[in-house]
Enquirer: 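Following this message is one structure expressed as structure tokens.
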Amino acid sequence: MTPTLIKNLSRHVGEEVEIRGWLFNKRSSGKIAFLIVRDGSGVVQGVLLKTNETAFAAAEMLTQESSLYLRGTVRAEPRATGGYEIDVTQVIPVSIAGEYPISLKEHGVEFLAERRHLWIRTPKQAAILRIRAEIEFALREFFYRNDFVLADAPIITPAACEGTTNLFEIDYHGDKGYLSQSGQLYNEATAAALGRIYCFGPTFRAEKSKTRRHLLEFWMIEAEAAFFDVDDNMRLQEDMVVYVIERVLERCRNELKLLERDISKLEAVKKPFPRISYTDAVALLNKAGEAFEWGDDFGAPHETIIGNHFDSPVFVHRYPTAIKAFYMKPDPEDEKVVLGADLLAPEGYGEIIGGGQRIDDLALLEQRLAEHQLPREAFEWYLDLRRYGSVPHSGFGLGIERTVAWICGLDHIRESIPFPRLLHKMYP
RNA sequence: UCCUCGAUAGCUCAAUGGUAGAGCACGCGGCUGUUAACCGCGGGGUUGUAGGUUCGAGUCCUACUCGAGGAGCCA
């Protein structure tokens, strides 16, 4: 018999179907049994009476998370959560599960994290992962439709892109190599080759960060476009974020509902996003009673205060040169600040995008490398991009997990990725 | 690295310094519409580790281990 996905049951009312899945839960009262089965696409309840002795006996054997084939007739049922039920004719166990460690009652974070490989079977975790997949798909769709070419950046790199942060070091057959913390410098090269490009891959930061916003390994989608200035860059980002939100609202209603996400907060995300300068943001913080001096970098609480002032994500642009990366282009109208812009998500989720316009002048870039005490030899190829047909160009990087956490309304980033890599935790 | 909090049954949690408890899970029995089903019975513990105070420590003190949240750094 051809298997049917639970999500498609509405197309098969009155028909005999076969569901292939796992037993999520079972309730029985002597002469009637209810089998709640999940198949990854959804959850459905099967009903069977003891008069069907073979099926009833098979159902009695099933333990939580046992795998099975469930055959029966689809019936519309207003009392059922998904709107449909199956009148079971046959229960065919595939594998009887041993005593399942994750009961349907509440569990602590430590317990669940140790069993992440099983935790992801639960409805909320599975919904988050489906939304994550939709976000990633929507991002690629957006770039494809806007003539951006996917150009993968290397994972193993010879030197720090930004020098300041800690990298994971690897042995590259006798040489030192590092796991990438950003594809950006390579993106600048591929943008000069292909015009508009993006890369999408894992990123590694060896900092000993231990907060609900940090992973040691996370996924970042980074775009770079030749002839884009800082304003073109921000427009691209807001188009992208709005596109992703629209796709998720359109395709993941059930998942958002399952997560009890306040959808009105996502529907409130509208173009154009507010744009405020760093200087204005400092004034905003001071007005809110924060002791904050011009020149300091924002901490998480500051980002929350700024983000909470708006319903949509907000761009903060023109940061002090001293607190930003070496490649940031100074503002011609005020050399103390750079044409960088970060995007802060609302509801306290903080920075989800960092980006800006890059230095296109060879002499200035050489000067910055020296100021930041970066090894010039490692950057010769990067300097070549300014020697041979330099153009104004801009780009940005969007953190996937922070975006997933925001859209899903999660209180911790660890649930936004199948297998989070946290400080001192890499099992499973 | 620093600050704060925590660790008791498989899980989630109780227990004035005075006999170690409940719910869930599991096993057995009952129940024809259950929604984390329900009812009855049952097994289940070196209270994170080491030391100290005390007639007596799950409870108070010290150190350590592990975990959680936050700071710094950033997406």
Side-chain angles (χ1 to χ4, degrees), chain A residues 24-36 43-52 56 63-65 75 77-82 85 87 97-115 119 122-124 161-167 180-184 200-222 237 296-304 319 323-325 342-345 349-355 396-406 411-414 416-417 422-425:
Chain A
F24 179 68
N25 196 9
K26 176 173 74 171
R27 302 183 194 95
S28 150
S29 60
K31 288 174 185 162
I32 186 168
F34 304 92
L35 301 179
I36 294 88
V43 176
V44 71
Q45 175 165 275
V47 186
L48 73 162
L49 298 174
K50 199 170 187 178
T51 46
N52 183 345
F56 204 86
T63 53
Q64 188 186 358
E65 286 302 316
R75 174 169 46 76
E77 171 54 72
R79 284 175 291 185
T81 317
E85 267 187 356
D87 289 321
E99 189 175 331
Y100 196 62
I102 301 180
S103 71
L104 297 175
K105 291 281 176 177
E106 59 193 326
H107 296 284
V109 168
E110 187 184 353
F111 179 84
L112 291 169
E114 278 286 309
R115 294 158 183 80
W119 186 20
T122 59
K124 282 193 180 183
C161 284
E162 301 177 17
T164 52
T165 46
N166 299 319
L167 302 182
S180 172
Q181 63 171 352
S182 167
Q184 190 213 307
F200 184 33
T203 298
F204 306 88
R205 304 275 166 94
E207 287 126 3
K208 298 197 171 175
S209 301
K210 189 178 160 59
T211 81
R212 68 180 71 193
R213 300 179 309 282
H214 289 89
L215 294 168
L216 276 69
E217 174 187 297
F218 65 96
W219 287 68
M220 185 155 68
I221 196 157
E222 295 176 277
Q237 290 168 48
D296 290 343
D297 206 354
F298 299 132
H302 305 121
E303 289 184 358
T304 300
Y319 285 81
I323 59 171
K324 284 294 177 184
D342 290 348
L343 186 68
L344 309 184
Y349 282 95
E351 184 178 351
I352 56 171
I353 293 179
F396 64 88
L398 169 107
I400 294 295
E401 288 76 15
R402 286 187 182 177
T403 303
V404 172
W406 164 47
D411 61 9
H412 200 298
I413 199 169
R414 70 181 145 228
S416 66
I417 184 169
L422 296 159
L423 191 59
H424 303 135
K425 282 180 88 83

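Per chain, numbering begins at 1; letters A, B, ... match sequence-line order. Every value quoted in this text rests on a predicted model; they were computed, and no experiment measured them.
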Enquirer: Rounded to whole angstrom, note down the C1' distance from B:G70 over to B:A9.
Expert: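 Their C1' atoms lie roughly 32 Å apart.
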
Enquirer: B:G69 phosphate, OP1 or OP2: any side-chain N/O from A:Arg414 under 4.0 angstrom?
Expert: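 For B:G69, OP1 or OP2 has a side-chain N or O of A:Arg414 closer than 4.0 Å.
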
Enquirer: Under 3.5 Å, which N/O atoms of the protein pair with N/O atoms of nucleotides 30-34 of chain B?
Expert:
from: B:C31; atom 1: N4; to: A:Gly30; atom 2: N; distance (Å): 3.4
from: B:U32; atom 1: OP2; to: A:Ser29; atom 2: O; distance (Å): 3.4
from: B:G33; atom 1: O2'; to: A:Arg79; atom 2: NH1; distance (Å): 3.3
from: B:G33; atom 1: N1; to: A:Glu85; atom 2: OE1; distance (Å): 3.2
from: B:G33; atom 1: N2; to: A:Glu85; atom 2: OE1; distance (Å): 3.1
from: B:G33; atom 1: N2; to: A:Glu85; atom 2: OE2; distance (Å): 2.4
from: B:U34; atom 1: O2; to: A:Arg27; atom 2: NH1; distance (Å): 3.0
from: B:U34; atom 1: O2; to: A:Gln45; atom 2: OE1; distance (Å): 3.4
from: B:U34; atom 1: N3; to: A:Gln45; atom 2: OE1; distance (Å): 3.1
from: B:U34; atom 1: N3; to: A:Gln45; atom 2: NE2; distance (Å): 2.8
from: B:U34; atom 1: O4; to: A:Gln45; atom 2: NE2; distance (Å): 2.7
from: B:U34; atom 1: O4; to: A:Glu85; atom 2: OE2; distance (Å): 3.4

Enquirer: Taking the same atom, C1', in B:G43 and in B:G27, what whole-Å distance lies between them?
Expert: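 Approximately 8 Å lies between the C1' atom of B:G43 and that of B:G27.
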
Enquirer: Where the side chain of A:Lys208 is defined as all heavy atoms beyond and including C-beta, which of B:A36, B:A75, B:U1 is the nearest nucleotide?
Expert: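 For the A:Lys208 side chain, the nearest candidate turns out to be B:U1.
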
Enquirer: Starting from the 5' end of RNA chain B, give me the residue, A:Lys26 or A:Tyr100, whose nearest nucleotide shows up first.
Expert: A:Tyr100

Enquirer: For the pair made of CD1 in A:Ile353 and P in B:A75, what is the distance, rounded to whole Å?
Expert: 11 Å

Enquirer: Considering all heavy atoms of both residues, which atom of A:Pro101 and which atom of A:Arg115 are nearest to each other, and what is their separation?
Expert: CB-NE, 3.9 Å

Enquirer: Sticking with atom C1', work out how far B:C28 lies from B:U12, rounded to a whole angstrom.
Expert: 25 Å

Enquirer: Using the P atom as the point on both nucleotides, what is the distance between B:C26 and B:C11, in whole Å?
Expert: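 B:C11 and B:C26 have their P atoms separated by 15 Å.
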
Enquirer: Between A:Arg212 and B:A71, is there a side-chain N or O to OP1/OP2 distance below 4.0 Å?
Expert: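 Checking A:Arg212 against B:A71: no side-chain N or O falls below 4.0 Å of OP1 or OP2.
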
Enquirer: So, using salt bridge (charged side-chain N to carboxylate O under 4.0 Å, His left out) as the criterion, who are the partners of A:Lys26 when residues are at least two apart?
Expert: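 A:Lys26: no salt bridge (charged side-chain N to carboxylate O under 4.0 Å, His left out) contacts found.
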
Enquirer: Counting any heavy atom closer than 4.0 Å, what does A:Pro123 reach on the DNA or RNA strands: base, sugar-phosphate only, or nothing?
Expert: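 No contact at all - A:Pro123 keeps every heavy atom at 4.0 Å or more from the nucleic acid.
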
Enquirer: Let me check I have this right: for RNA chain B, each base becomes ., (, ), [, ] or |, based on Watson-Crick or G-U pairs with both distances under 3.5 Å. What is the full string?
Expert: (((((((..((((....[..)))).(((((.......))))).....(((((..]....))))))))))))....

Enquirer: Answer with yes or no whether A:Ser209 presents, from its side chain, a donor or acceptor under 3.5 Å of a partner atom in the base of B:C73.
Expert: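 Indeed, a donor on one side and an acceptor on the other fall under 3.5 Å apart.
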
Enquirer: Name all residues meeting the ring pair (Phe, Tyr, Trp, His ring centres under 6.0 Å) criterion together with A:Trp219; count only those two or more places apart in sequence or in a different chain, and write none if there are none.
Expert: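 Testing A:Trp219 for ring pair (Phe, Tyr, Trp, His ring centres under 6.0 Å), a comparison that skips the adjacent residues, returns A:Phe200.
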
Enquirer: State which residues pass side-chain contact (heavy atoms from CB on, under 4.5 Å) with A:Pro123; sequence neighbours excluded, sorted by chain then number.
Expert: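 In terms of side-chain contact (heavy atoms from CB on, under 4.5 Å), with neighbours along the sequence ignored, A:Pro123 is linked to A:Phe24, A:Leu258.
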
Enquirer: Among all residues two or more places apart in sequence or in another chain, which pass the side chain to side chain donor-acceptor pair (under 3.5 Å) test with A:Thr211?
Expert: A:His214

Enquirer: C1' atom, B:C3 versus B:G48: distance in rounded Å?
Expert: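 After rounding to an integer number of Å, I get 23 Å for this pair.
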
Enquirer: Just how far, in rounded Å, is P of B:G72 from CD1 of A:Ile323?
Expert: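 These atoms are roughly 13 Å apart.
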
Enquirer: By the 4.0 Å heavy-atom rule, please label A:Asp342 as base, sugar-phosphate, or nothing.
Expert: nothing

Enquirer: May I have the distance from A:Ile221 (atom CD1) to B:A75 (atom C1'), rounded to whole angstrom?
Expert: 13 Å

Enquirer: Produce the list of close N/O pairs, under 3.5 Å, pairing protein atoms with atoms of nucleotides 5-11 of chain B; give distances to one decimal.
Expert:
from: B:C11; atom 1: O2'; to: A:Glu106; atom 2: O; distance (Å): 3.2
from: B:C11; atom 1: O2'; to: A:His107; atom 2: ND1; distance (Å): 2.5

Enquirer: Remember a base hit wins even if backbone is also touched, and classify A:Lys210 as base, sugar-phosphate or nothing at under 4.0 Å, heavy atoms.
Expert: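 Base contact - A:Lys210 has a heavy atom under 4.0 Å of at least one base atom.
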
Enquirer: I'd like to check the side chain to side chain donor-acceptor pair (under 3.5 Å) partners of A:Arg75; sequence neighbours left out, ordered by chain and number.
Expert: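 A:Arg75 satisfies side chain to side chain donor-acceptor pair (under 3.5 Å) with A:Glu77, A:Glu85, A:Asp87 once adjacent residues are dropped.
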
Enquirer: Find the distance A:Glu114:CD to B:C66:C1' and express it as a whole number of Å.
Expert: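 Rounding to the nearest Å, CD of A:Glu114 and C1' of B:C66 are 11 Å apart.
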
Enquirer: Under the salt bridge (charged side-chain N to carboxylate O under 4.0 Å, His left out) rule, collect the residues that match up with A:Lys124, sequence neighbours excluded.
Expert: A:Glu260

Enquirer: Is there a side-chain contact between A:Ile353 and A:Asp342 (heavy atoms, below 4.5 Å)?
Expert: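 No, too far: nothing below the 4.5 Å cut-off.
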
Enquirer: Restricting to salt bridge (charged side-chain N to carboxylate O under 4.0 Å, His left out), what partner residues turn up for A:Glu222, sequence neighbours left out?
Expert: none

Enquirer: Please report the distance, rounded to the nearest Å, between CG in A:Leu112 and C1' in B:G67.
Expert: 14 Å

Enquirer: Quick check: does any side chain N or O of A:Arg402 sit under 3.5 Å from a backbone N or O of A:Glu351, one acting as donor and the other as acceptor?
Expert: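 It does hold such a pair.
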
Enquirer: Can you tell me if A:Ser416 uses its side chain to pair, donor with acceptor, with the backbone of A:His412 under 3.5 Å?
Expert: no

Enquirer: Give me the distance, rounded to whole Å, that separates B:A7 from B:C13 when you measure between the C1' atoms they each carry.
Expert: 13 Å

Enquirer: Suppose you measure atom P in B:U1 against the same atom in B:A15; what distance do you get, rounded to whole Å?
Expert: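 Between the two P atoms, the distance is 34 Å.
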
Enquirer: Which residues pass the side chain to side chain donor-acceptor pair (under 3.5 Å) test with A:Ser103, sequence neighbours left out?
Expert: A:His107

Enquirer: Mind checking side chain to side chain donor-acceptor pair (under 3.5 Å) for A:Lys50 and listing every partner two or more places apart, or none if nothing turns up?
Expert: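 With sequence neighbours excluded, A:Lys50 shows a side chain to side chain donor-acceptor pair (under 3.5 Å) to no residue whatsoever.
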
Enquirer: Rounding to an integer number of Å, can you tell me how far A:Glu303 CD sits from B:G70 P?
Expert: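 Interatomic distance, CD of A:Glu303 to P of B:G70: 13 Å.
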
Enquirer: Figure out the CZ/P separation between A:Phe298 and B:A75, and round it to whole Å.
Expert: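 Whole-Å distance recorded here is 14 Å.
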
Enquirer: Please give the distance between the P atoms of B:G40 and B:C24 as a whole number of Å.
Expert: 9 Å

Enquirer: Can you tell me the distance, in whole Å, between the CG atom of A:Asp296 and the P atom of B:C74?
Expert: 13 Å

